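Each chain gets a letter, A, B and so on, in the order the sequences are listed, and its residues count up from 1. No experiment lies behind these values; they were computed from the predicted model shown.
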Amino acid sequence: KAGVTQTPRYLIKTRGQQVTLSCSPISGHRSVSWYQQTPGQGLQFLFEYFSETQRNKGNFPGRFSGRQFSNSRSEMNVSTLELGDSALYLCASSLDPHYEQYFGPGTRLTVT
Amino acid sequence: AQKITQTQPGMFVQEKEAVTLDCTYDTSDQSYGLFWYKQPSSGEMIFLIYQGSYDEQNATEGRYSLNFQKARKSANLVISASQLGDSAMYFCAMRANAGGTSYGKLTFGQGTILTVHP
């Protein structure tokens, strides 16, 4: 069974631009969660989607948004990028929110 | 609110020896789950082991075992017979199991870098 895939793997953007990251969960998994990982703040929860509905959201500004499609694939969008948004963005999927989460390889975003 | 504390920024172990990585947690939830993940330098988080708060026995998965002491709120990871490939960052995480505002949310510790020497 294929694992969680994330595209692109690496991304370089400039301040003020926007970016869209994509995540394809493991087949059959309906829950997708997103995390931001930085050296200073560690791993922080962004949001979680289950059956196309956002069930939970972390403490991030409104510039961070996401959505989930009917095939469980998920996208997250960051608008008006800031230097501090440079991070590894990890997507995780699970059968539902009560099961263990399996992570993708991440998208490393650099904002210059 | 949930909090995970990993007090060991770095640990060293000789190949084939056992090592314990510490994790303490704080939560007001009655039902919760504790997880350990491994993150190699490539960045991908690899799920290792899970312990539910109502599980009476400590979880084991191959060379990994979780030493769960509920009264002390600790969930230490024990890796037996360390291998060079075990060198990585290890994260302890928890999640409330009761739903509500905890859906899909893992709270992570700061991690412990494990280095296995030959």
Side-chain angles (χ1 to χ4, degrees), chain A residues 3-6 8-10 23 25-26 29-51 53-60 66 68 72 74 76 87-110, chain B residues 1-10 23 29-55 59 61 64 66 75 77 88-113:
Chain A
V4 179
T5 58
Q6 292 186 247
R9 292 293 310 278
Y10 302 91
C23 171
I26 292 171
H29 286 194
R30 296 194 294 161
S31 173
V32 173
S33 298
W34 289 88
Y35 297 85
Q36 182 197 63
Q37 186 176 23
T38 60
Q41 299 297 316
L43 279 150
Q44 294 186 288
F45 171 77
L46 280 157
F47 26 63
E48 188 263 350
Y49 289 88
F50 180 70
S51 293
T53 301
Q54 185 181 91
R55 303 295 287 270
N56 202 355
K57 190 178 192 308
N59 189 24
F60 279 82
Q68 186 181 34
S72 295
S74 177
M76 68 163 280
L88 179 66
Y89 289 88
L90 290 161
C91 166
S93 78
S94 60
L95 281 170
D96 73 30
H98 296 98
Y99 285 83
E100 61 272 14
Q101 296 181 10
Y102 293 89
F103 283 78
T107 294
R108 191 167 294 280
L109 172 66
T110 302
Chain B
Q2 300 175 338
K3 186 177 180 181
I4 295 283
T5 302
Q6 294 180 254
T7 58
Q8 306 155 315
C23 171
D29 295 294
Q30 296 300 309
S31 177
Y32 51 88
L34 295 154
F35 303 78
W36 277 92
Y37 285 87
K38 170 185 177 182
Q39 187 177 42
S41 56
S42 60
E44 185 170 356
M45 298 281 283
I46 301 168
F47 167 71
L48 295 178
I49 196 166
Y50 166 81
Q51 177 86 39
S53 58
Y54 290 118
D55 294 340
E61 287 288 345
Y64 304 107
L66 200 153
L77 177 71
M89 177 78 92
Y90 288 80
F91 289 96
C92 179
M94 76 177 301
R95 179 201 65 207
N97 284 343
T101 59
S102 67
Y103 272 106
K105 176 183 177 180
L106 287 172
T107 299
F108 286 88
Q110 288 300 107
T112 296
I113 300 175

Just how far is it from atom CD of A/Glu100 to atom OH of B/Tyr50, taken to the nearest 0.5 Å? 8.5 Å
Go through the atoms of A/Tyr99 and report whether side chain, backbone, both or neither lie under 4.5 Å from a heavy atom of chain B. backbone
Spatial distance of atom CZ (B/Arg95) from atom OG (A/Ser94) [nearest 0.5 Å]: 7.5 Å
Measure A/Gln41 against the heavy atoms of chain B and call it side chain, backbone, both or neither at under 4.5 Å. backbone
My understanding is that only residues two or more places apart in sequence, or in another chain, count here; which of them pass side-chain contact (heavy atoms from CB on, under 4.5 Å) with B/Gln110? none
Side chain proximity check, A/Phe103 to B/Leu106, heavy atoms < 4.5 angstrom: yes
Quick one: pull up OH in A/Tyr35 and NZ in B/Lys105 and give me the separation to the nearest 0.5 Å. 9.0 Å
Mind checking the CD-CZ spacing from A/Gln101 to B/Phe35? Nearest 0.5 Å is all I need. 7.0 Å
Between atom CD of B/Gln39 and atom CG of A/Leu88, what is the distance when rounded to the nearest 0.5 Å? 6.5 Å
As an exercise: rank A/Ser31, A/Gly104, A/Ala92, A/Gly58 by heavy-atom pairs under 4.5 Å with chain B and give me the winner. A/Gly104
